[in-house]
Amino acid sequence: MEIRPILSALMRSKTGAILVAMQVALSLAILANALHIVNVRQEVAARPSGVAAENEVFSLLARNMRPAGHNEQLALQKRQVAVLRAVPGVVSVAQVSQIPLSRNGSTSGLSANRSDQKNTIQAAVYITPDSLIKTWGLQLVEGRDFTPGEITEIDQNVTEEFPPQVIITRALANKLHPGGGSMLKQPVFMGSGVGAQQLQVVGVVERLQTQGAETGQRGEYSMLTPVRLTGDSDTLFTVRAEAGQRDRVMKDAEQAIRAASPGDVIVRVRTQGEERDKRYRADRALSWMLITVSTLLLLVTASGIVGIASLWVSQRRKQIGVRRALGARRVDILRYFLTENFMITSVGVAAGVLLALGLNHLLVSQLEMARLPPGYLLAGALVFWLLGVGAVYGPAWRAASISPATATRST
């Protein structure tokens, strides 16, 4: 088929063609970036937290309403841990300062040397006198767990000087010392200036997400320190139950804590799955919103193509009839409109690719988003080419079905 007659016809009706091309370009740019964002957020939400068998783990927060001193709190904490461990179906219990994905907890600045305190790395600090490696099933890749002799009992109202021994994640180790090598021999400092405390890395775990679960490797900058901490009315425990026993164990554990606590106590129990759902609730809402917007854009674009094609068919009825009278077949008329739409869509796709790259560059520079892979642009182009063919097929078939006598009749 000759392309020149089609171009000539389009030049006589530039407005409609330009509007369709602009609509395709804008829709492609938004669709490619929106689906990329959805995919990235889904991958982030599905990241392993480092807690093995999350469906077996839950947290229990006990808030004692009666003030107590350091020694009294220590005795109560140890009694509560013992009571929880005695609940049938409990595999392991650990007192801990915060929970992964909970968006509630503390961080501390770490650096690779004492003189480079400007480039500190913020790491989540999990304070625990028990084995989180056992309770959470953390994968130890280097070194060891804390020993009982390293556990320190500290009243946070008196001192914040923690013991030097820490366990860190592999991501944090690679950030502190990207050159590799054993982290057990590498220096790590917490604090600032000459008063920075040098830490001793005794172990490295494969993965443990922070309480904020940030995107990228930052979401795994975590460290563990062996401290039994007092000075707060809240005591947080993390419990691992036997497979299939979690829901029953949660109820029994709550009752056991209430019975073991003097005076009034407020107990809050939450599964690790609930922490994950709460953390990524906004991400899921954003994903559904972007999917909805993308679907509406496709529908609007298809409607625009159908509308313009139907208008052109109406305006060219006599032209179509003359061509049919001169021997043009239905397939020739159909192919004409399909080719015309393919050309318009191709211009829109080319502009949309450039617009999508520009929009992604803006997102990368301003919001630290990931770069748009070429596959999204190719898939988007294919979608709009198929959408254009599908949308124009109905009007094109109606045009091809017009009889020469009807089309050329004066009105």
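- When all heavy atoms of V201 and L184 are compared, the closest pair comes out as O-CD2, 3.2 Å.
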Practice problem: Please report the C-alpha distance between S27 and T301 in whole Å, then the side-chain angles of each, then the deciding distance to 0.1 Å, and finally whether the side-chain hydrogen bond (donor to acceptor under 3.5 Å, both in side chains) criterion is met. | Solution: CA-CA 7 Å; S27 299; T301 303; 2.8 Å; yes
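- Here the side chain of E150 pairs a donor or acceptor atom with the backbone of T147 at under 3.5 angstrom.
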Practice problem: Would you check, one step at a time, whether the test side-chain hydrogen bond (donor to acceptor under 3.5 Å, both in side chains) holds for T230 with Q77? | Solution: CA-CA 9 Å; T230 66; Q77 290 174 5; 5.9 Å; no
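- Between the R63 side chain and the V265 main chain, no donor and acceptor come within less than 3.5 Å of each other.
- With hydrogens and angles ignored, the 3.5 Å screen pairs a side-chain donor or acceptor of Q98 with a backbone N or O of V125.
- Judged by distance alone, the side chain of N33 and the main-chain N or O of A29 form a donor-acceptor pair under 3.5 Å.
- Under a 3.5 Å cut-off, the side chain of R218 and the backbone N or O of A213 do not form any donor-acceptor pair.
- Formation of a donor-acceptor pair under 3.5 Å by the Q186 side chain with backbone atoms of H177 is not found in this model.
- Considering every non-hydrogen atom in both A52 and V57, the closest pair reads O-CG2, 4.1 Å.
- A donor-acceptor contact shorter than 3.5 Å is absent between the side chain of R371 and the backbone of V364.
- A donor-acceptor pair under 3.5 Å is absent between the side-chain atoms of R258 and the main chain of Q255, judged by distance alone.
- Using bins of under 30°, 30° to 60° and over 60° for the plane-to-plane angle, the ring pair W385/F342 lands in the parallel bin.
- Not one N or O on the side chain of R276 forms a donor-acceptor pair closer than 3.5 Å with the backbone of T271.
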